[in-house]
Amino acid sequence: MTQASPSRNDRFLRALRREPVDRTPVWLMRQAGRYLPEYRATRARAGSFLAMAKNPELACEVTLQPLARFPLDAAILFSDILTVPDAMGLGLYFAEGEGPKFERPIRSEEDVAKLSVPDMETELRYVMDAVRLIRRELHDRVPLIGFSGSPWTLACYMIEGGGSENFSKIKAMALNAPALLHRVLEVNTAAVIAYLSAQRTAGAQALQVFDTWGGVLGPAMYREFSLPYLARIARELRRGEDAERTPLILFGKGNAPYLEELAGTGTDAVGVDWLIELGEAARRIDGRVALQGNLDPATLYGKPAAIREQVRSALDSYAEGNGGSRDGHVFNLGHGLSPDMNPEHVAALVEAVHALSAR
C-alpha cells in the first residue's frame, strides 16, 4: 500500500481523529465543479463529463483547480459515484439536461444474476491511476479524499435507470421482492468495500460514502435497506490504526433521525445535511465520532457578510453542542455546490471558517 506520509496541512485528518487543531478544517462537496470557469474550460476541452472523469490527467487537473483558488484543507478525487455500476456493465451515459442514465437498468432476477464486483485495477484502473497521480501532484499539501456511493444510493440509479422523482421502481422492488433487492445491495456492498480499499491502496488518505438517497426511505426501510450495508462497510473496510488510519466518513441527506445508529457503526465521522442544528447533532453523537457539515448550500447565494454570519452560527452551534470545544468538527456544506454559485462567495466562506474558528 502507498504509505501516507504526513501532510503539510493535516488539520482535516486530525479533526477526523478528534484531535486538537489550530482552526476548523473546511472542504466542500463538489468543490471541483461547474461554478469554476477553469473547470468549464477543461470540460469543454475534454468533450464530455465522462471523458474528463475517465482521463486521469484531466481528473487530476480539475481535482487541483479549487486548491489553486482557495486555502481548502482537503482535496477530493474528481470522479462520479456511478463509475462502479458502469464497470458492472450497465452502460452509463449522460443525457443533456437530464443527468446520468443507464442503458441496461436492473429490473429482473436475470439482471441481478449478471451483477458482479468489478476488478478494480482493470475496469476501474482509470480511477486508481487518477488517485495515484493526484497524490503525486499534491506533494502532501493537503490530504486526498476518495469516495463511493452507498449501496442503497447506487441501487437507486441502477434500478431506476437514472435519477428519479419518486423512486417508484426501487421501492416497488423493496415491497414486492425484498430478497432480490438485498441481493443487489450485497453485490453493491462488496463492490464499495473493494473500491474504497483500492483507492486507499492507491493513496487516498480519507474515504467518504455518499448515501445521497438514504433520506427518501421511511425509518423501517432505511434500517433494512441502507443502514445495515453502511454498517457492514464500516465494519469490514480495513483502514489501519492510530495515526496511520484512513478515516471513513458516512454522509447522507436526510440522515438526522439515525445519527446515534450511524455513530455506532464503527465509522470515524458522520456527515450531516443542513436540516439539523449542528449543536443537536454534536450532542446526540456525544464525541463518539467526528462530525462533518453542515451549511445550507443556498447560503452561497447570500452576500459575503451574510455568509460569514451563517458560518459563525454553525461553528458556535457545534461548539455549544460539543461541550464548548470546536475539536472533532470538519466544516462542509450540507450538500454540494451548484453550478451558478459565485467563486468569490466560496472564497468568503473558506476565509470565514478559518478566521472565526482560530483557536
Side-chain angles (χ1 to χ4, degrees), residues 29-30 33-35 48-50 53 79-86 88 90-109 111-112 115 147-178 180-185 187-189 192 208-230 250-258 262 271-276 293-301 333-341:
M29 288 181 275
R30 289 206 292 262
R34 287 177 289 170
Y35 75 104
S48 72
F49 173 87
L50 269 183
S79 188
D80 193 271
I81 64 169
L82 300 181
T83 54
V84 171
D86 182 43
M88 292 177 177
L90 273 61
L92 175 65
Y93 68 100
F94 283 79
E96 193 62 42
E98 297 181 52
K101 291 187 174 295
F102 284 112
E103 294 172 3
R104 295 173 287 281
I106 302 300
R107 298 285 164 77
S108 67
E109 204 153 335
D111 295 333
V112 175
L115 292 177
F147 70 91
S148 173
S150 72
W152 163 259
T153 293
L154 294 179
C156 286
Y157 286 101
M158 293 161 70
I159 292 166
E160 297 291 334
S164 177
E165 289 187 6
N166 57 13
F167 298 89
S168 58
K169 295 179 179 65
I170 191 168
K171 287 189 175 183
M173 186 181 288
L175 292 164
N176 301 326
L180 190 63
L181 179 53
H182 279 297
R183 277 160 52 194
V184 176
L185 294 168
V187 175
N188 284 359
T189 302
V192 168
Q208 176 157 311
V209 175
F210 286 85
D211 192 26
T212 308
W213 298 124
V216 305
L217 291 166
M221 279 194 173
Y222 180 84
R223 292 186 174 104
E224 180 176 357
F225 295 109
S226 185
L227 183 62
Y229 296 100
L230 294 172
L250 298 181
F251 166 76
K253 282 177 70 180
N255 64 1
Y258 317 105
L262 288 164
V272 294
D273 68 16
W274 65 97
L275 298 179
I276 181 172
N294 73 335
L295 198 69
D296 182 349
T299 303
L300 272 298
Y301 297 118
L333 301 174
H335 199 238
L337 289 158
S338 294
D340 61 347
M341 287 174 172

In Å, rounded to the nearest 0.5 Å, how long is the span from [atom1] of [X] to [atom2] of [Y]?
X: S148; Y: L154; atom1: OG; atom2: CG; value: 5.5 Å
X: M158; Y: L115; atom1: CE; atom2: CG; value: 4.5 Å
X: H335; Y: R30; atom1: NE2; atom2: CZ; value: 5.5 Å
X: D111; Y: M88; atom1: CG; atom2: CE; value: 13.0 Å
X: D80; Y: L50; atom1: CG; atom2: CG; value: 7.5 Å
X: I170; Y: M221; atom1: CD1; atom2: CE; value: 9.5 Å

Distance only, no hydrogens: is a donor on one side chain within 3.5 Å (strictly under) of an acceptor on the other, for T83 and D86?
-> no
Ignoring hydrogens and angles, tell me if any N or O in the side chain of [X] forms a donor-acceptor pair with the backbone of [Y] under 3.5 Å.
X: E109; Y: L180; value: no
X: W213; Y: W152; value: no
X: K171; Y: V216; value: yes
X: R104; Y: L92; value: no

Is there side-chain contact between [X] and [Y], with at least one heavy-atom pair below 4.5 Å?
X: Y301; Y: D340; value: yes
X: P228; Y: E224; value: no
X: Y35; Y: P339; value: no
X: S79; Y: F147; value: yes
X: M29; Y: P297; value: no

How are the rings of F210 and F251 set relative to one another: parallel (under 30°), tilted (30 to 60°) or perpendicular (over 60°)?
-> perpendicular
Among D211, T212, N188, side-chain hydrogen bond (donor to acceptor under 3.5 Å, both in side chains) partner for T153 | D211
Please name the pair of heavy atoms, one in [X] and one in [Y], separated by the smallest distance, quoted to 0.1 Å.
X: A155; Y: L181; result: CB-CD1, 4.5 Å
X: G254; Y: D273; result: N-OD2, 2.7 Å
X: L217; Y: S226; result: CD1-CB, 4.2 Å

When the ring centroid of F102 is compared with that of Y157, is the distance short of 6.0 Å?
-> no
In sequence, state the C-alpha distance, the side-chain angles, and the governing distance for Y222 and L230, and then conclude on side-chain contact (heavy atoms from CB on, under 4.5 Å).
-> CA-CA 11 Å; Y222 180 84; L230 294 172; 3.8 Å; yes
Verdict with supporting geometry, N294 and L333, side-chain contact (heavy atoms from CB on, under 4.5 Å) = CA-CA 5 Å; N294 73 335; L333 301 174; over 6 Å; no
May I have the step-by-step check of side-chain contact (heavy atoms from CB on, under 4.5 Å) for C156 and F167, ending in yes or no?
-> CA-CA 7 Å; C156 286; F167 298 89; 3.9 Å; yes
R34 atom CZ, over 12 foreign heavy atoms within 6.0 Å = no
Let me see the working for V192 and V84 under side-chain contact (heavy atoms from CB on, under 4.5 Å), right down to the final yes or no.
-> CA-CA 8 Å; V192 168; V84 171; 5.7 Å; no
